[in-house]
Amino acid sequence: MPLQKVRFVADVPEVFRSSMQDIRRELDVPAEFPPEVVAAALAAGTAPRLPALDRTDLEFVTIDPPDSMDLDQALHIERAGDGYVVHYAIADVAAFVQYGDPIDAETRRRGVTLYAPDKRTPLHPPELSEGEGSLLPDQVRPALLWTVPLNARGETTGVTCERALVKSRAKLNYAGVQQDLDAGTASESLQLLREVGKLREQLELERGGVNLPIPDQEVVTSDDGWSLEFRAPLPVEGWNAQISLLTGMAAADLMVKGKIGILRTLPEARNDLRNKLGHTAKALGIDWPRETTYAEFIHGLDPKVPAHAAMLAACTVLFRGAGYVTFSGSVPEHPQHAAMKAEYAHVTAPLRRLIDRWTGEICLALSAGTEVPAWVLESMDELPKIMEEADRRANAYERAIVGMVEAGLLQDQIGDEFDGVITDIDDREPNRGIVVLSAHAVEGRVSGTANLPLGKAVRVKLVEADIVKRSVNFELIP
């Protein structure tokens, strides 16, 4: 799942700058790349290991946020009889980075790219991730080319993964693609993205899978001050995500059949979560019939509706406990990702996520029927721990930034009263819990003199909004 990100529509206010520096120090967020790593990236960019297969004939495009330059996914979809063929090119990081070199050592320390409103802390040096390693338009690049044929229902009928040279024809953004699709002026490949994306969404619903269209939080500035709002994802973002999920499931299928790999797993949600989320839905005025499953309920939510956006944010609890499991010689006892109701592997973001370099090499070998590289076999068991620490830091980073922004937006309203709903209660102290403000994309801790009314609309008073502590606290008004 992508992280929910806070971004500033305008410049970052000065009041937040020093606090963000404090957050980075506390969480040991990496600073600039060491000179030897930058030098290695520059050298690698001049001498990548290039494959013999040339597929620059395929008219790939990338679809990303407008300011993204670390482009590690490009797609092309074509019809094949009554079905389709999905071509998905993934940046070949291993063409530039060798196990044990300075770039490899530094990326192990980082694990993932970290995002903040004022800067991005990349996994790889920008000289590589935004330069020679990125699938920039009109540039021939080495890639891992996934070819996935689908039948008329969008079901996978096979998969190959091989190294190839590719060339993206255009760097597109979600808003522009959505506009072209709505106007009927999009290319055939992009029209098929919509077609295939919808088919895959239906298959996801049929198997009981959940893919949360989590809104971004945006700090919007205007003459009236600041506000924190949710930005609902566009439909094309969901369709594009389905291609990534499709590839991840195809990769997992290769690994399970080959009895070697690294899967992304998630245990089944605890039974009590349904009750908690049910109370949240009730508080937000959203009907959730008892016979309706998680998947059916979530697929029916519209992230453009503020109450639904808040509900989707609450549903992220379903994804807690995700991790990685390595295996060789036998398949894990619990290989599934419970939210997807399928086996799944991370393989589509190697410029931004360390583990994808390993999983890509495993899939290349399994697809070709060759031996998995020795360096992968020797080091793959280290990856879950590295990624666990990287994910922990990324999640803490995000939580700290969200808390800082929420406190900053409310710091001048100490003593003011707000309408909200109680969405969670502390199991050990039922007079403490979480309140979501009805008119703001803000949540905070709340306390009362008696047990809090879970799922009920309440009136609360703001008693603390501390940017330094990144905390927002309310008192329940009886």
Side-chain angles (χ1 to χ4, degrees), residues 1-3 23-31 33-34 37 72 90 93-94 97-115 121-125 129 248 251-252 254-256 258-269 316-340 343-366 372-400:
M1 295 296 298
L3 290 176
I23 292 171
R24 293 183 182 111
R25 283 192 295 270
E26 291 170 16
L27 296 177
D28 193 26
V29 172
F33 286 90
V37 177
D72 44 18
I90 305 300
V93 175
V97 180
Q98 296 189 54
Y99 181 72
D101 73 10
I103 308 172
D104 173 66
E106 181 66 16
T107 56
R108 285 161 174 268
R109 187 169 77 87
R110 294 175 178 242
V112 295
T113 293
L114 298 174
Y115 298 90
T121 303
L123 173 62
H124 296 89
S129 61
L254 276 175
M255 293 176 182
V256 169
K259 296 183 178 180
I260 183 171
I262 311 174
L263 297 177
R264 181 67 165 169
T265 60
L266 178 69
E268 290 289 345
T316 57
V317 69
L318 296 173
F319 290 81
R320 292 176 186 171
Y324 296 95
V325 60
T326 64
F327 60 100
S328 180
S330 62
V331 179
E333 183 178 356
H334 302 288
Q336 275 204 346
H337 191 290
M340 298 181 190
E343 287 83 29
Y344 176 66
H346 275 158
V347 293
T348 61
L351 290 175
R352 294 168 286 152
R353 190 170 51 212
L354 178 69
I355 202 166
D356 297 46
R357 176 152 51 99
W358 273 253
T359 53
E361 292 299 315
I362 293 169
C363 290
L364 285 167
L366 291 173
V372 174
W375 69 265
V376 173
L377 294 174
E378 293 167 3
S379 60
M380 60 186 284
D381 288 342
E382 304 170 9
L383 268 295
K385 185 176 181 180
I386 293 173
M387 295 306 300
E388 180 182 355
E389 174 59 24
D391 288 342
R392 182 204 63 77
R393 178 163 55 188
N395 291 333
Y397 194 43
E398 179 188 6
R399 287 195 304 270

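Index from 1, following the sequence. Any value given below was found using the heavy atoms of this structure, including those in side chains, with hydrogens, waters and symmetry copies removed.
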Any donor-acceptor N/O pair, [X] side chain to [Y] backbone, under 3.5 Å:
X	Y	value
Thr113	Leu123	yes
Asn395	Asp391	yes
Thr265	Gln336	no
Asp72	Ile90	no

(request) For the pair His337 and Tyr344, name the ring-plane relationship: parallel under 30°, tilted 30 to 60°, perpendicular over 60°. (result)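 Plane angle over 60°, so perpendicular.
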Quick one: closest heavy-atom pair of [X] and [Y], and the distance?
X	Y	value
Arg353	Tyr324	CD-OH, 3.9 Å
Pro335	Val331	CB-CG1, 4.2 Å
Val256	Phe327	N-CZ, 4.3 Å
Thr121	Pro30	CG2-O, 3.4 Å
Ile386	Leu354	CG2-CD2, 3.7 Å
Ala251	Val347	CB-CG1, 3.7 Å

What distance separates [X] [atom1] from [Y] [atom2], expressed to the nearest 0.5 Å?
X	Y	atom1	atom2	result
Met380	Ser328	CE	OG	6.0 Å
His346	Thr359	NE2	OG1	9.0 Å
Trp358	Thr326	CH2	OG1	13.0 Å
Thr107	Leu351	OG1	CG	11.0 Å
Arg399	Ile23	CZ	CD1	11.5 Å

(request) Run the salt-bridge test on Glu343 and Arg264 with the 4.0 Å N-O cut-off and return the result as yes or no. (result)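 So Glu343 does not pair with Arg264 through a salt bridge.
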(message) Tell me whether Glu106 is salt-bridged to Arg109, with the criterion being a basic N under 4.0 Å from an acidic carboxylate O.
(response)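 Yes.
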Flag side-chain contact, heavy atom, 4.5 Å: [X] against [Y]:
X	Y	value
Leu114	Arg24	no
Val372	Ile260	yes
Met255	Cys363	yes
Glu398	Tyr115	no
His124	Ile103	yes
Ile262	Val325	no
Asp28	Arg393	yes

(message) For the CD atom on Glu388, are there more than 12 heavy atoms of other groups (residues, nucleotides or ligands in this structure) within a distance under 6.0 Å?
(response)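 Open.
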(message) Is it true that Tyr99 and Arg357 share a donor-acceptor pair across their side chains at a distance under 3.5 Å?
(response)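 The answer is no; no qualifying pair exists.
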(request) Kindly indicate whether a cation-pi arrangement holds for Arg110 with Phe33, taking the cut-offs as under 6.0 Å to the six-membered ring centre and within 45° of the axis. (result)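 Judged by the rule, Arg110 and Phe33 form a cation-pi pair.
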